[in-house]
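Fair warning: this is a prediction, and the values are worked out from it, not measured in the lab. We use all heavy atoms of the structure for the numbers below, so side chains are in, but hydrogens, waters and symmetry mates are not.
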Amino acid sequence: MDDLARIADVHRNTVLRAEKGEASGPTLAAIRLALEGAGVQFIPRNGGGEGVRLKEATEAVAILSRKRKDQP
């Protein structure tokens, strides 16, 4: 959670509020962009419901590792 907060440039408590459904649109957009940048794909509702998946596990881990190194 701390990594997500840092990459999305939001406070850790903001991520907790988002998990509870208490975050605003801009905050959710920042979190979504951070997750997408780490290799998460958001799947639209297509009969089976919305969901998420990793683009490819090894690619996602590599992206997240690079982002950690870029952060102070």
Worked check of side chain to side chain contact (heavy atoms under 4.5 Å, CB included) between Arg32 and Phe42: CA-CA 9 Å; Arg32 180 178 178 141; Phe42 287 81; 3.3 Å; yes
Approximate separation, where rounding is to 0.5 Å, of Leu28 CG and Leu33 CG: 11.0 Å
Ile31 side, atom CD1; Leu4 side, atom CG - distance, nearest 0.5 Å: 5.5 Å
Separation between CD1 of Ile43 and CD of Glu50, rounded to the nearest 0.5 Å: 10.0 Å
Could you give the side-chain donor-acceptor pairs of residues 12-22 under 3.5 Å, partners two or more places apart or in another chain?
residue	atom	partner	partner atom	Å
Arg12	NE	Asp2	OD1	2.8
Thr14	OG1	Arg17	NH2	3.2

